[in-house]
Structures are given as structure tokens and as C-alpha cells.
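Take a look at the structure set out below.
Worth saying up front: this structure is predicted, and the values here are computed from it rather than measured. We name chains A, B, ... by the order of the sequence lines, and we start the count at 1 in each one. Note that these values count all heavy atoms, side chains included, but never hydrogens, waters or copies made by symmetry.
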Protein chains: 4
Amino acid sequence: MTIKMNLNADMAEGFGAYDIGDDSGILKIIGSANIACGFHAGDPLIMRRVVAEAKQNGVTIGVHPGFNDLWGFGRRRIDTRPDDLESMVAYQIGALQAMAAFSDVKVTHLKPHGALNNMAAESSEYALAIGRAIKAVDSSIIYVALAGSEMEKAGRKLGLRVAVEGFCDRQYDDDGNLTSRKIPGSVLKVTSRNGKKIPCKVHSLCVHGDEPTGVATAKAVREALEKAGVKLVPLTEMPLD
Amino acid sequence: MTIKMNLNADMAEGFGAYDIGDDSGILKIIGSANIACGFHAGDPLIMRRVVAEAKQNGVTIGVHPGFNDLWGFGRRRIDTRPDDLESMVAYQIGALQAMAAFSDVKVTHLKPHGALNNMAAESSEYALAIGRAIKAVDSSIIYVALAGSEMEKAGRKLGLRVAVEGFCDRQYDDDGNLTSRKIPGSVLKVTSRNGKKIPCKVHSLCVHGDEPTGVATAKAVREALEKAGVKLVPLTEMPLD
Amino acid sequence: MTIKMNLNADMAEGFGAYDIGDDSGILKIIGSANIACGFHAGDPLIMRRVVAEAKQNGVTIGVHPGFNDLWGFGRRRIDTRPDDLESMVAYQIGALQAMAAFSDVKVTHLKPHGALNNMAAESSEYALAIGRAIKAVDSSIIYVALAGSEMEKAGRKLGLRVAVEGFCDRQYDDDGNLTSRKIPGSVLKVTSRNGKKIPCKVHSLCVHGDEPTGVATAKAVREALEKAGVKLVPLTEMPLD
Amino acid sequence: MTIKMNLNADMAEGFGAYDIGDDSGILKIIGSANIACGFHAGDPLIMRRVVAEAKQNGVTIGVHPGFNDLWGFGRRRIDTRPDDLESMVAYQIGALQAMAAFSDVKVTHLKPHGALNNMAAESSEYALAIGRAIKAVDSSIIYVALAGSEMEKAGRKLGLRVAVEGFCDRQYDDDGNLTSRKIPGSVLKVTSRNGKKIPCKVHSLCVHGDEPTGVATAKAVREALEKAGVKLVPLTEMPLD
């Protein structure tokens with residue numbers, strides 16, 4: 001039996017005259033792209049262009065919603081009412097759906113960005129608010145949730161399709177939390193830094209394109225997985241139970 | 001035969017803690033609401049709330065896209081490349097569609113805001129860019145175009161449904177352009193300030209809620225039309241040829 | 001001996017087409033105005049206009065810096081690095097100094113806004129960052145600090161002039177923290193809701209203009225103080241030890 | 001007699017996580033830096049950092065005000081009321097003065113950015129509005145004005161110190177207007193593309209750091225000037241008549 005795995009990366013995080021990350025380079029490696037939607041980064045032009053390029057590369061696209069904090073690039077924790085968050089995430093989903101219409105592709109997943117991702121991993125209120133936004137706008141959208149996080153629980157509770165995410169370039173503690181940015185010995189069986197095997201099933205691994213060595217690292221991950229016989233696919237082709 | 005007419009108004013133009021206009025008052029009078037979408041005004045919360053309230057009042061909703069100029073409230077002319085504009089308008093359509101999903105209603109029309117409306121009335125490049133955005137995201141959306149404007153031509157050229165708009169509280173020059181904010185003698189047969197009848201068919205009249213006397217004026221217009229036997233309907237019920 | 005007291009209020013919190021609060025009404029009551037500087041609210045035009053009007057009313061002006069969060073009106077806690085905060089506050093001081101130049105008045109105090117004020121009251125890092133900004137730009141600016149807060153300590157540690165602030169429309173707990181928005185029996189001797197006298201010296205009391213009853217409440221406070229023989233003065237005329 | 005010349009460049013045009021241009025490279029070449037102030041680009045952190053680095057390089061600093069259009073990077077023409085513009089420019093001057101206080105340096109010149117520079121070159125209303133902002137905040141600030149532009153006239157009319165600017169990498173038409181981006185035969189005697197000598201006195205030449213070849217071109221210009229015996233100095237050391 002072929003083991004399948006998805007690689008995802010954050011994309012389209014420029015704004016106006018500003019560029020960041022190597023979108024074209026990463027799109028050749030991954031299966032699914034998380035598109036910034038104009039709140040923490042991104043704008044209509046970049047969204048549209050990256051969606052088109054993703055399609056050309058056979059890469060599926062997802063919403064990458066963040067806090068409305070362009071200056072902070074969505075990396076600052078902002079105390080937001082969950083109901084407000086729900087509306088803000090829905091807005092970003094719709095915006096990307098419209099940009100995707102130009103390429104006649106569907107938005108098939110959602111993964112929160114930066115501080116929002118961190119907060120939603122810990123807070124069921126945030127995790128549920130994001131899930132409710134998905135449910136309201138398009139309940140077929142896959143909720144990409146950090147393994148063992150409140151997002152995973154919220155997604156299941158709301159009856160959404162959930163893709164469990166791990167980081168291929170991060171090490172885990174025994175409790176399943178991320179510790180550092182080193183590549184673990186094995187990406188498929190998650191092993192804590194003390195050697196303990198953590199029983200988590202991972203559907204998608206996140207690679208980073210905004211760091212100088214991003215594309216090279218991502219490429220190495222892809223090649224290692226392929227050498228190990230893993231088939232890399234878009235999220236839409238992953239068996240999500 | 002019953003004459004039908006639509007009244008539209010700009011709505012949801014607050015932002016965060018800021019309120020402007022009497023949305024609830026105007027929603028009791030009009031048939032179709034133009035919802036600001038976060039560029040010149042508006043935010044996800046207000047959009048969602050006003051869409052819900054519009055539904056309760058039997059009012060259809062439309063996109064009210066503007067320049068990305070919150071400070072200027074979309075009233076400053078900004079030199080924008082038509083292709084950029086196309087993407088920006090599409091983004092705003094999608095954002096509203098998502099907010100409309102919470103109320104399970106459809107976005108059925110689009111009318112540009114402020115300086116964008118003025119520029120698109122004069123420039124075929126702008127008018128076409130807006131029309132292409134509609135066509136890409138949802139070609140069933142009605143393009144609300146100032147009578148005789150480049151928008152009207154662009155909408156027809158692109159094969160879109162066009163609703164011709166007049167202003168019930170504005171006077172016209174002989175060439176069909178707006179001159180002042182007075183109510184003309186007749187709203188159905190547009191008469192220039194020199195008494196000339198302008199051969200324009202109007203499907204929708206714009207009333208303003210953001211001015212102090214907005215609701216009262218709008219109410220007077222509505223009552224005058226009803227007294228004259230005109231049936232006021234949402235844009236979706238207007239015969240658009 | 002005449003007892004002196006200062007009344008301060010937040011001002012100039014509109015933005016572009018948006019208005020909020022009754023600046024003109026409040027300026028007739030207070031001695032010192034906290035001017036929003038374009039981050040959480042405010043813009044160059046409103047700043048300039050309110051500074052001019054403050055001068056006409058004999059009201060001194062101060063910086064009212066907030067987080068760069070217009071949508072949240074500076075009311076959302078944003079996790080910001082203290083060094084970044086220092087630069088952001090300095091920027092806002094300079095901006096107001098420039099707008100004050102049009103009226104040939106000096107910026108004489110600073111009081112943080114909303115969530116920043118709350119965070120700086122609790123965090124010495126934030127309180128010191130704000131103090132360092134004052135020190136770098138104009139060390140004669142009075143740091144308005146909530147009684148007993150980390151801001152009061154930071155101001156003294158940095159050798160700045162500190163004005164201790166209380167709220168005339170709020171009740172205190174025994175530990176000196178605010179509990180509700182009721183007017184306490186006495187504004188000069190702060191009494192907790194359990195009747196305990198809290199040993200805090202207050203130089204300035206904050207009144208609110210952005211609530212519907214703001215001006216009326218502020219007026220009542222002013223009249224009560226004057227009836228009690230208290231002389232209301234600008235912050236610059238308060239003895240700050 | 002030694003001929004003096006100033007080289008200026010636009011700087012500090014990043015924003016938050018976004019970088020643009022090679023500030024450090026250009027600061028080794030120029031005499032005066034135009035610092036973006038948070039409207040079209042720039043933020044308090046970058047302003048402060050670049051001011052400090054300019055000081056280390058013996059480079060004087062100036063305000064580089066732009067339209068409030070981060071997305072458009074200040075390159076879109078925005079129809080703005082001159083009075084509004086006056087306040088917006090003053091605000092940016094003050095903001096930079098505060099950031100300069102951290103390095104204990106003075107803001108000594110001002111040069112508008114992008115579309116604002118183009119509009120102020122053509123419109124006396126805009127040019128005067130900018131000049132009035134300088135006059136109100138610090139009348140000793142040098143107004144850097146394109147040779148023969150409305151800015152040059154406005155500056156002289158208002159009694160400001162004016163530095164006349166040319167572009168060392170641009171060719172001129174016979175009427176003194178810029179035509180292309182070629183380096184003219186002589187930067188000191190401006191020669192039109194038809195060989196006509198244009199009687200304009202230039203105090204400062206603009207080099208560009210945001211283009212890929214910016215630093216190399218700027219270095220070549222500097223070396224050519226020095227080889228020709230020209231002494232390169234900060235704007236403050238230029239004889240401005």
C-alpha cells in the first residue's frame with residue numbers, strides 16, 4: 001500500500017509593491033498552497049496571480065486567514081472576540097473564492113496564519129469560531145489543524161473534514177508540542193526529542209518559503225519522502241478518515 | 001399596467017467602532033441595498049449584520065465596491081490600473097458573498113461607490129474592468145450603471161444584466177449629466193433643468209442615508225412614487241430588458 | 001489653601017469621514033485633552049482642528065498614543081515588543097508636536113489609550129517603553145499614569161514628571177483597581193467600594209466624551225468639584241511634587 | 001573653486017515584515033537621505049533605524065512624505081484637497097523629527113515621494129500646501145524641488161530654502177522635463193536630448209536604491225562626479241543662494 005502525504009506552504013504574502021518569499025519556487029514542491037487573503041498580508045492581485053500559478057503546478061489552494069494586522073504580519077497575538085473572528089475568517093474565505101474564480105478552481109482547505117494559528121491551537125473558542133466560518137461559507141472546505149490542537153477537536157465537533165498537520169522541520173516534545181525547528185529523524189512517525197513515539201496521524205506537513213533556505217529545505221523534505229516511497233498529493237487526494 | 005421602480009441606497013459604511021448613516025431607517029424604505037465591502041468603508045461585522053437586517057426587510061443586497069481608501073471614504077479619485085481594479089472589485093464581491101452566506105441570501109447586484117462610480121461612469125476602461133470582475137465571479141449579478149454612462153455601455157458589451165440608475169434627488173443637464181441635488185419634477189421621465197426630456201429609461205433610483213435628512217427625504221420619495229401608483233420592488237424584480 | 005484638580009478626556013478620535021464623541025462639548029469642561037494620533041484613531045486633520053479648539057478653550061494638549069489598530073479602536077490587546085512600542089509612541093508624539101505647531105502650542109502631557117493603557121498599567125516593560133519614548137522626544141512631557149500602576153513607577157524611575165490619574169466615574173476595589181463605572185463618593189480621597197480609603201494622590205481625573213451621556217456626566221463632575229471649592233486647572237498648573 | 005553637489009536617495013521604504021531597497025548600500029554613497037514616514041511606506045522602527053545609520057555615515061536626513069496609500073506605495077495619483085495635504089505633510093515631518101530625536105540629529109530637508117512629487121511639480125496648490133507644512137513645523141527645513149517645477153516657485157514664494165533637484169540617471173527634453181532614464185552626458189550642465197543646454201542650477205541629484213542595479217548605478221555616478229573634481233556634500237553644506 002502506498003503511503004500518501006501532503007506538503008503545504010504559506011503563499012502570496014506580499015502586499016502592493018512588497019514581495020516576500022519565493023512563491024514560484026515553493027509551488028514546484030508542495031501539493032497545497034495556503035493563500036494569504038489581505039488581512040495579515042496579501043492583496044487581490046497577488047492572490048489571483050498565485051492561484052493561477054498554483055493551478056498550473058497542480059497545487060490545490062486554501063485560505064490562509066490571519067489577524068487584520070498588516071504591520072505585524074499577523075504574528076502578534078491580538079485579543080479578538082470569537083464572534084468577530086468568525087466574521088473576519090468568513091470574509092477572507094469569500095475573498096479567495098472570488099480570486100479563484102478567475103482560474104476556475106475551488107478553494108479546498110483553510111489553515112490559519114501565525115498568531116491566529118497559535119491562538120486557535122490553544123483556544124477552543126477561537127478554533128470553533130474559525131470552524132463556524134468554514135461551515136457557513138463552504139462546509140466542504142478541509143480544516144487544516146495542528147495535530148492534537150483545539151482546532152482538530154473543533155473541526156471534528158462541527159462535523160468538518162479535518163486534515164491533521166505536522167511540521168517536517170520541527171522537533172516535538174513528549175507531550176506533542178513543538179520544540180525547535182530541527183528536522184526530526186522521521187516525519188511520518190512523529191518522535192519526540194526524547195525518542196518517544198507520539199501517536200499522531202499526520203495528513204499534511206508544513207514547509208516554509210519565507211526563510212532564505214526555505215525552498216532548499218522544502219526540496220530536501222520532498223526528496224526524502226519520495227525516496228522513502230511516500231506519494232505526495234494535494235490535500236484533496238488525502239484519505240482524511 | 002403597473003410601473004415598477006427600485007430604490008437603492010448605500011449601506012454598511014461604518015468601520016470598527018465608527019458608525020455612519022442610518023442603515024436601519026433606510027432599510028425600511030428601499031428595495032435594494034449597496035453594501036460597502038471593507039475597502040472604502042465597511043468591515044466583516046457590519047456587512048454581516050446589515051445583510052441579515054436587509055433580509056428581514058425583504059431588501060436584496062449588492063456589492064458596493066470602492067477604492068482602497070478608508071481615510072478618504074472612497075471619495076478621492078485614485079489613479080488605478082484597470083487590471084488592478086478588476087481584481088479589487090472581484091475580491092469585494094467574494095467577501096460579500098461569504099457574509100451573505102450567513103443569512104443564506106444571494107448577492108444580486110453591484111454598484112460602485114463614490115469616486116470609483118464617477119470614474120467608471122466616464123472611463124470605459126474602468127467600466128469594463130468592473131464588468132469583467134462581475135463576469136468572472138458571478139455573471140448573474142446585475143450591474144447598476146448610471147444612465148448613459150460608460151458603465152451602462154460596458155455592461156451591455158459584456159453581456160451582463162444592467163440596471164440603469166437615476167438619482168431622485170438630483171437635477172440633470174440637457175446632456176444627461178447630474179447638476180445639482182434638487183428633486184426633479186418627475187423621477188420617471190428625467191427632465192433636464194432646461195425642461196428638455198431626456199430619453200433615458202431608469203430602473204433604479206438612489207437615495208442617501210448618510211446625510212442628516214437622508215431618511216426623511218428617502219421616505220418622501222417613496223411616498224410620492226407610491227401615491228403616483230408606482231410599485232416599488234427589489235432590483236431582482238425589475239424588468240431589465 | 002485651594003485644592004487643585006485636573007480633568008482630562010480623550011479627544012480627536014474620528015478618522016476621515018468618521019466622527020466619534022463630542023469634542024467641542026467636552027473641551028468646554030476639561031483642562032487637558034488627550035489627542036489621538038492616527039494609530040488607534042485620529043488623523044492629521046482632526047488632530048490639527050482639535051488642538052486649535054483646545055487652545056481657544058485654554059485646554060492643554062497631550063499625546064494619546066494607542067496600538068496601530070484602527071479597526072479595533074485600540075481596544076484590543078496586541079502583543080507588541082516593548083522596543084517596537086517605544087518607537088511607535090515616539091512617532092505619535094512627534095506627529096502631534098507638528099500638528100500643535102500650527103496653533104503654536106506645546107504638547108505637555110501623554111496618556112496611553114485603551115488596551116495600551118491597560119497593558120502599561122500592569123507591565124513594567126510596556127510602562128518603561130512609553131516612558132523612554134517621552135524621554136527621547138521631549139523629557140518635559142508629563143506622563144499621565146493610573147494611580148499605583150506600573151506607569152507611575154516607570155515614570156518616576158526614568159525621572160519624568162508624573163501626573164497620577166484616577167477615574168471620577170469609576171469605583172475602586174480595596175486593592176486600588178477599578179471595579180465599576182459609578183462615581184465614587186469622593187474623588188479626592190479615593191474610597192474603595194468597601195469603604196476603605198486608598199492612600200493615593202490623584203492629580204487628574206478622566207472623563208469620557210465618547211459615550212452618549214459623556215458630556216452631561218463630565219459637566220456634573222466639574223460642577224460638583226467646583227461647588228466643593230476645588231480649582232480646576234490644566235495639567236501644567238498642577239503641583240506634581 | 002570647488003564645485004559641490006549633493007546626492008539624495010529615497011530610504012526606509014520597508015513596512016513591518018517587508019523590506020525594499022538596499023538602504024545600507026545607498027547610505028555609503030549619498031549625502032542626504034529621504035526617509036519615508038509611514039504614509040506611502042515606512043514605519044517607526046525602520047525610520048529610527050535608518051536615521052541612526054544615516055548619522056553613522058555622515059548623511060543628513062529629510063522627510064519623504066507621500067500619499068496615505070501603502071498599497072500603492074505612493075505611486076498612484078490621489079485627488080486630495082490641498083489643505084488636507086498640508087496637514088498630512090506636517091504630520092509626517094513631526095513623526096520623523098521624533099524618530100530623529102533618538103539619534104539626536106535634525107531633520108534638515110523634505111522631498112515629496114512618487115505621485116505626490118509629480119503632482120506638486122505641476123500644481124502650485126499642492127506645491128504651496130507642502131511648503132506651508134514646512135513653514136509651520138520648521139521653516140529652516142530645505143524644500144527639495146524638481147528644477148523648474150511649481151515646488152521650486154512655491155518654496156521661493158514662501159521664503160523657504162530651496163534645493164533644486166535633477167536626476168542623474170534621466171534625460172531631459174528641451175523644455176526641462178524628464179524624458180527617459182538614461183544618464184545624460186553631463187550631470188552638472190543639464191543638456192537636453194537635442195543637445196540644448198538648459199539654464200538650470202542643480203543642487204542635488206537623485207539616485208535610486210529600490211531598483212536591482214540601484215547601488216551600482218549610484219556608485220558609478222558618485223565616482224564620475226568625484227573624478228570630475230566635484231565635492232559631494234550633504235544638503236546642509238550646499239550653497240543654496
* Structure fact -> Most heavy-atom pairs under 4.5 Å with chain D, out of C:Ser87, C:Ala100, C:Gly38, C:Ala90, belong to C:Ser87

* Structure fact -> One option among D:Asp43, D:Val137, D:Asp84 has the most heavy-atom pairs under 4.5 Å with chain C, and it is D:Asp84

* **Aromatic contact, C:His113 with C:Phe73 (centres under 6.0 Å)** => yes

* Got a salt bridge between D:Asp104 and D:Lys55, using NZ or NE/NH1/NH2 to carboxylate O under 4.0 Å? -> no

* Do you know which of D:Ala101, D:Ala136, D:Ala95 has the most heavy-atom pairs under 4.5 Å to chain C? -> D:Ala95

* Taking the side chain as every heavy atom from C-beta outward, state whether D:Ile134 and D:Leu158 have any atom pair closer than 4.5 Å. => no

* Exam field: side chain D:Tyr91 to backbone C:Gly94, donor-acceptor pair closer than 3.5 Å -> no

* To do: Answer with side chain, backbone, both or neither: which region of D:Glu86 has an atom nearer than 4.5 Å to a non-hydrogen atom of chain C?
  => both

* **Contacting moiety of D:Met99, where chain C heavy atoms sit under 4.5 Å** => side chain

* Asked: Hey, what do you get for OG (C:Ser32) to CG (C:Leu7), rounding to the nearest 0.5 Å?
  -> 9.0 Å

* Asked: With respect to chain C, which residue among D:Lys135, D:Arg48, D:Gln97 yields the maximal number of heavy-atom pairs within a distance under 4.5 Å?
  -> D:Arg48

